[in-house]
Structures are given as structure tokens and as C-alpha cells.
Number of protein chains: 2
Amino acid sequence: MASIKDVAAEAGVSVATVSRVLNDHPSVSADARTRVLAAVETLGYRPNAVARSLRTDQTHTLGLVISDVMNPYFTELARSVEEEARALGYSVIIGNADERPDLQDHHVRTLLDRRIDGLLVSPTDGGSPLMLDAARAGTPMVFVDRWIPGVDVPVVRADGRGAVRDLVAHLHGLGHRRLAIIAGPAATTTGQERVEAFREALGAYGLDLPDAYTGQGDFQAESGRLVTEGFLDLAEPPEVVFAADNLMALGALDAVRARGLRVPDDLALAAFDDIRWFVHTDPPITAIAQPTGELGRAAVRALVDRIEGRPGESVTLPARLVVRRSCGENPTPVQRSTT
Amino acid sequence: MASIKDVAAEAGVSVATVSRVLNDHPSVSADARTRVLAAVETLGYRPNAVARSLRTDQTHTLGLVISDVMNPYFTELARSVEEEARALGYSVIIGNADERPDLQDHHVRTLLDRRIDGLLVSPTDGGSPLMLDAARAGTPMVFVDRWIPGVDVPVVRADGRGAVRDLVAHLHGLGHRRLAIIAGPAATTTGQERVEAFREALGAYGLDLPDAYTGQGDFQAESGRLVTEGFLDLAEPPEVVFAADNLMALGALDAVRARGLRVPDDLALAAFDDIRWFVHTDPPITAIAQPTGELGRAAVRALVDRIEGRPGESVTLPARLVVRRSCGENPTPVQRSTT
DNA sequence: CTGAAAGCGCTTACAG
DNA sequence: CTGAAAGCGCTTACAG
């Protein structure tokens with residue numbers, strides 16, 4: 001591969017001059033510029049980004065560590081992150097933690113070794129020493145979707161409280177009283193918050209959330225299936241299951257179907273995170289939709305702000321309820337606005 | 001961030017020695033080794049991968065350019081690619097082309113600039129000069145899923161012919177005679193092959209595939225919707241629509257639903273690519289499943305073989321038909337093996 | 001076994 | 001406007 005030396009030789013100038021025209025430095029003669037450009041063209045020269053990074057100490061690369069790429073919510077998040085980053089002149093390297101703290105650490109380490117300019121993370125757990133150290137050491141960082149309390153890092157996320165209240169109102173209005181939840185890992189903020197929001201909303205109707213109706217999932221389909229099986233085995237099974245993410249909702253559907261039962265007749269179902277297929281499932285699934293694209297873009301902007309020395313603030317956007325038929329027929333759909 | 005010099009100073013040895021212990025070079029005294037390791041520990045030193053890459057001319061990174069991350073098939077492919085790569089000591093950087101040749105080129109260029117060790121691509125088109133040049137210039141490369149004819153690069157893909165034959169047998173057995181297809185872009189191999197395989201299979205039953213029943217899609221949902229609308233507007237609409245990927249099948253479902261029609265009663269539907277949600281759609285969708293994980297892993301192995309100087313061969317794996325209810329009820333499911 | 005030195009491909013003060 | 005030179009953080013022959 002041609003190097004800057006080859007270009008300099010071909011153009012009859014020094015490498016310094018080549019570098020200057022490549023970086024649009026003002027003080028280059030028109031003549032030198034044309035000769036260099038011509039040389040670049042004939043040699044098909046492309047600057048070596050590795051060498052440039054070593055010299056300038058910036059990679060123009062963002063690291064994105066997400067908990068699970070196979071989760072459509074995160075896939076969309078990743079996509080919007082890459083789009084916004086590209087618009088701002090950055091590349092992004094994605095690390096898929098698969099909900100495993102060890103894998104998350106592997107990716108954080110690799111990304112740091114590559115000297116990415118900043119890190120976007122949706123933590124799988126309460127934060128490993130590695131991540132905490134990186135944050136403390138001043139690595140530009142922002143949390144998306146999930147975050148770690150007590151760490152001084154901006155957080156970009158959706159607030160589902162209003163939507164969960166709307167969901168409970170909807171369920172209550174349909175006559176449901178025994179409501180259960182498939183929670184995400186307690187080590188994640190979204191794992192906890194969704195349960196709390198649900199419990200709070202139930203409280204407003206004088207309903208409580210017994211332990212038996214709080215299943216511990218891990219945001220993956222299989223756990224949703226297992227927890228739902230457990231619910232179904234109860235002497236008094238719940239009337240509704242609220243899955244804290246779309247994959248666990250998938251698992252819940254698997255469980256219901258395996259027993260030959262029907263949604264919503266035998267068990268109503270609602271999910272956090274809305275995905276396109278929910279329109280076409282049997283029945284269409286009521287879900288809480290996050291402004292995913294917005295979140296991804298806001299997170300990138302916050303991170304790039306930090307990288308480039310600007311403040312970089314936290315952002316919280318509201319989620320909203322999308323009523324469909326998986327909780328029962330609703331003659332006059334109550335679809336309140338979120339507050 | 002601590003550099004190798006700091007470690008050397010801390011350990012009281014030269015940077016050469018530090019480098020040697022870091023790289024497990026045999027000729028280092030036990031004493032030097034312990035001192036260096038201790039220094040590494042106290043400084044929290046991590047080698048700068050950028051500097052190392054510049055020096056060794058290898059990044060231990062693979063580039064993966066896929067046509068559309070939001071397509072679950074590619075998401076799964078990406079995941080298996082990353083897994084296998086990690087097992088072999090490589091990282092992977094994903095570039096999402098979104099079915100746009102210009103974006104594909106952007107990513108190929110960026111990846112090449114970063115001096116990735118090898119490139120895995122599922123081309124969106126017939127191949128831009130950039131990609132062709134890279135292949136010719138000897139960049140280790142392998143095509144996954146889609147490929148570009150006439151380029152000397154190993155291809156790892158699924159052969160859907162047998163499964164398409166099985167699908168047509170299934171459809172014919174259900175009494176369907178007017179079969180249509182939503183094709184992918186003609187510029188992609190999978191876009192063409194699936195149509196050809198379908199046409200051939202129809203031929204075996206004396207059926208043909210009129211132009212009116214060949215809709216031109218682009219592997220995205222919206223195009224599936226549009227093409228299906230067109231089919232439905234025909235004086236004599238088809239009885240079955242075969243979508244060449246899962247997203248266009250989604251679009252087809254959107255179209256059918258928008259008209260208040262039902263699958264399979266008003267229009268039967270089958271799709272290339274199987275996804276987990278197809279079990280829970282209304283009705284469950286008959287699909288052709290690719291061994292996606294296998295493909296991703298085989299592709300990585302082929303690429304790493306090339307990178308490390310071994311041959312690196314093409315691999316073709318069979319796809320298989322998964323019969324569900326979207327083409328009509330089938331009393332005795334014919335699920336032939338693929339040949 | 002160990003260190004001094006060269007060099008990977010760039011960028012950027014410093015002189016001129 | 002231009003070039004020689006230093007230096008980014010490593011690795012690796014080459015001597016010793």
C-alpha cells in the first residue's frame with residue numbers, strides 16, 4: 001500500500017507538504033496542491049488511519065457496548081448511534097455483551113486498548129472496576145438506556161413511568177386485578193425501575209405486587225418462558241403478565257402457546273419496548289414504545305460534546321403506551337398522553 | 001495513560017524488556033518478568049493497540065460490511081461472526097450499508113483506512129470499483145450470503161434451491177397455482193437466485209412465473225408492502241406471495257392487513273429467512289431457514305485462513321423449509337429434506 | 001538475557 | 001510557502 005512517502009516522491013515535494021494538503025492546511029501553494037492531489041490519484045493513496053491516530057492521539061471512533069444486539073431495541077439503538085456518529089465524523093465499534101458482565105468487560109477493555117475517543121455504554125451490571133476506573137480516569141463516557149448510579153457520567157434514557165401508569169390504567173379498566181411482571185436483572189437500572197414503576201402504578205389502584213407475581217428474568221427470551229411457566233403453575237395464576245422487554249415477551253408467548261393457551265383469554269400480555277412484529281403477532285401486542293432513535297442520537301451528541309470539550313448533558317425522554325389487543329378488547333382505547 | 005516507557009522506568013528495565021514480557025518472548029529472566037508484571041499492575045498499564053498495529057502491520061480486526069443490520073438475519077449473522085472472530089483472537093468492526101451502495105463504499109473505505117486484517121462482505125450491489133480494487137490488491141476478503149461473480153474471493157452462503165423446491169411442492173400440494181414472488185434487488189446474487197430457484201421449481205410443475213407476478217423489492221419492508229399492494233390490485237391476484245426475505249414478508253403482512261384481508265385465506269405467504277417471531281405471527285409463517293450461525297462462523301474461519309496464509313475455502317450450506325400455516329392448512333406436513 | 005536503536009506512517013512546531 | 005526533524009508507542013533485529 002502506498003504511503004505518504006510514495007506520494008511525496010511522486011509529487012516531488014516533502015511528506016510535510018503532502019500532509020498539509022491532505023489536511024487542508026492553508027499554507028500550501030496552489031501548484032504543490034495540484035501535484036500532490038495528482039500523485040494521490042495515480043497512486044490510489046489513502047492515509048493510514050492507524051498512523052494518524054498514533055500521532056494525533058485521536059481515533060475519531062466511538063465505542064458502543066450494548067447488552068444484547070439480538071434484541072431489536074438495541075439493534076435500532078445501535079443503528080441510530082452509528083448514523084448520528086457518522087454525521088458528526090465518527091465511526092463506531094460495537095461490542096455485544098450478550099448480558100454477560102465478563103463479555104462486557106472484554107469489550108470495554110478492547111475498546112480502551114484501541115484508544116476510542118469515547119464510550120457509550122448500556123451496562124449489563126452494576127459496573128465492573130474496569131468501567132468505573134475508566135470513568136474516573138476521565139475517558140469520555142455516556143450511559144444509554146441503562147446506567148450506573150453514583151458515577152459521574154451523563155445518562156441518556158427513556159422514562160417509562162408515565163407509560164407504565166397508562167398501561168396499568170388500561171389493564172385496570174379491562175377488569176384485570178392480578179397483575180404480574182417479568183423483571184429484568186436487578187443489577188440493571190431498567191431491570192429495577194420497570195418493576196418499581198409497575199408497583200407504584202398498581203398502588204394507585206390499591207393493588208399490590210406479591211413476590212409470587214414478580215418473576216426474575218434476564219432480558220432474554222428463555223427467561224421469559226421460564227418465568228411464565230412458573231406463573232402458570234401457580235394455584236392462582238396472574239391474569240396479566242407484563243414483560244420488561246420484548247424478548248421476554250417472546251418467551252412468554254412461547255410458554256403460553258406450548259400449553260395450548262390463548263392470549264389474552266387465558267393470560268393477557270404486555271411488553272416494554274415496541275417492535276414492528278408486535279402488530280402482526282397473534283394477537284397484536286400492547287407495548288410501551290421508547291423513542292429509540294432519539295435516544296441513540298442524543299447519546300452520541302452528549303458523548304461527542306464531552307469528547308470535544310463541551311458539557312454534554314443527560315437527557316430523559318418519555319416512553320409511551322401503544323394499546324393493541326393482547327390485554328383484552330378495549331371498546332374505547334384509552335391512550336393517554338404521558339406526563 | 002501510562003506508556004511502555006513508564007512501565008520500563010517503574011520496573012527499572014528497558015522498554016525492550018517490557019515489550020518482551022508482554023509478548024511472552026522466551027528470553028526474559030524470571031526476575032525481570034516479575035518486576036515488569038508488578039510495574040504493569042501498579043500502573044494499570046495497557047498496551048496501546050494503535051501503536052502496536054502501526055509497528056506490526058496487523059490490527060487483529062476484521063471488517064464486516066452487511067447490507068442491513070436491522071434485518072434479523074443479518075443481525076444474527078453479525079453476532080455469530082463476532083463470536084467466532086473473538087474465539088480466534090480477532091475483533092470485528094461492523095459497517096451497516098443499509099442496502100445503499102454509497103454507504104457500503106463509505107464503510108469499506110473506512111475499514112480499509114483502519115487497516116483491518118480482512119474484510120467480510122455481503123455486497124449490496126455488483127461491486128464498486130473500490131471493493132473490486134481491494135479484492136484485486138490482495139486484501140484478504142470473503143463474501144458471505146451474497147457475492148460478486150467473477151471476483152476471486154471465497155463465498156460462504158446457503159443454497160436455497162432444495163428448500164425452494166420443497167416450498168413449491170408444498171404450495172402445489174395445497175392447490176395453489178398462481179404463485180408470485182417479491183424479489184430482492186437484481187444487483188444482488190440472492191436477489192436473483194431466489195427468483196430463479198422459484199421459477200425453476202414452478203417449471204417442474206408446469207407452472208410459470210409471469211412478469212406481473214414478479215415484484216421488484218429491495219429487501220426492505222416498505223418495498224414488500226408496495227409490491228404486495230400491486231399484486232392485490234391485479235385483475236387476477238396471485239394466491240401466494242413468496243417474499244425473498246423476512247422484512248419484505250413483514251411489508252406484505254402490512255399490506256394484507258391494511259386491506260382487511262387475511263393470510264392465508266385471501267393470500268398465502270411464505271418467506272425466505274426464518275425468524276423467531278414467525279412462530280407467533282397471525283398466522284405462523286412458513287419460511288426457508290438458513291443455517292445463519294454456521295454461515296457466520298464458516299465465513300470467519302475462511303477469512304482468518306486467508307489472513308494467516310492458509311487457503312480459505314468457499315462453503316455452501318443447505319437451507320431448509322419450515323412449514324407453518326401461512327400457506328394454508330396442511331393435514332400431513334410434507335417437510336422433505338433438502339438435497 | 002538485555003539494551004540501544006531503527007522504524008512503522010503520520011503530524012506539526014520550528015526555521016528559513 | 002516549504003522542508004528537515006522530532007516524536008506518537010510500540011516491536012524487533014542486532015550487538016553484547
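Here is how names work: the chains are called A, B, and so on, in the same order as the sequence lines, proteins then strands, and each is numbered from 1. The structure displayed is predicted, hence computed values, not measured ones.
- Checking the phosphate oxygens (OP1, OP2) of dG3(C), a side-chain nitrogen or oxygen of Ser14(B) falls inside 4.0 Å.
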(Q) Under the criterion salt bridge (charged side-chain N to carboxylate O under 4.0 Å, His left out), I'd like the reasoning laid out for Asp305(A) against Arg301(A): C-alpha separation, chi angles, the key distance, then a yes or no. (A) CA-CA 6 Å; Asp305(A) 278 345; Arg301(A) 283 193 297 265; over 6 Å; no

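- Taking atom C1' in both dG16(C) and dT12(C), one finds a spacing of 16 Å when rounded to whole Å.
- Ala8(B) and Ser14(B) get closest at one heavy-atom pair: CB-C, 3.8 Å.
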Q. Yes or no on salt bridge (charged side-chain N to carboxylate O under 4.0 Å, His left out) for Arg35(B) and Asp31(B), after CA distance, side-chain angles and deciding distance?
A. CA-CA 6 Å; Arg35(B) 297 223 309 281; Asp31(B) 177 55; 2.5 Å; yes

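- For the P atom pair drawn from dC10(C) and dC14(C), the interatomic distance equals 24 Å after rounding to whole Å.
- Taking every heavy atom of residues 35-44 of chain A and every atom of DNA chain D, no pair lies under 4.0 Å.
- In this structure, the side chains of Val121(A) and Met141(A) come closer than 4.5 Å at one or more pairs of heavy atoms.
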Q) Under the salt bridge (charged side-chain N to carboxylate O under 4.0 Å, His left out) criterion, do Arg79(B) and Asp98(A) qualify, and how do the steps go? A) CA-CA 10 Å; Arg79(B) 181 186 203 264; Asp98(A) 241 333; 2.7 Å; yes

**Q.** Paired and unpaired positions of DNA chain D as dot-bracket, Watson-Crick or G-U wobble under 3.5 Å, | denoting a partner strand
**A.** |||.||||||||.|||

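- If you measure from atom NE2 of His25(B) to atom P of dT2(C), you get 11 Å, rounded to the nearest angstrom.
- No side-chain heavy atom of Asp125(A) sits less than 4.5 Å from a side-chain heavy atom of Arg100(A).
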Q. Can Arg297(B) and Glu294(B) be said to form a salt bridge (charged side-chain N to carboxylate O under 4.0 Å, His left out), step by step?
A. CA-CA 5 Å; Arg297(B) 287 186 287 274; Glu294(B) 282 304 307; 3.1 Å; yes

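- For the 3.5 Å distance criterion, the side chains of Ser67(B) and Arg146(B) qualify, holding a donor opposite an acceptor.
- Counting non-hydrogen atoms under 4.0 angstrom, Val50(B) reaches nothing in the nucleic acid.
- In this structure, Leu54(A) atom CG and dA6(D) atom P are separated by 17 Å, rounded to whole Å.
- Residues Arg114(B) and Thr61(A) bring a donor and an acceptor atom of their side chains to less than 3.5 Å of each other.
- At a threshold of 4.5 Å between non-hydrogen side-chain atoms, the residues Asp145(B) and Tyr73(B) count as touching.
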**Q.** B/S/- contact track for nucleotides 10-16 of chain D, protein heavy atom under 4.0 Å
**A.** BBBB---

Q. Can you list the steps and then say if Asp245(B) with Asn71(B) is a side-chain hydrogen bond (donor to acceptor under 3.5 Å, both in side chains)?
A. CA-CA 9 Å; Asp245(B) 84 340; Asn71(B) 184 325; 3.2 Å; yes

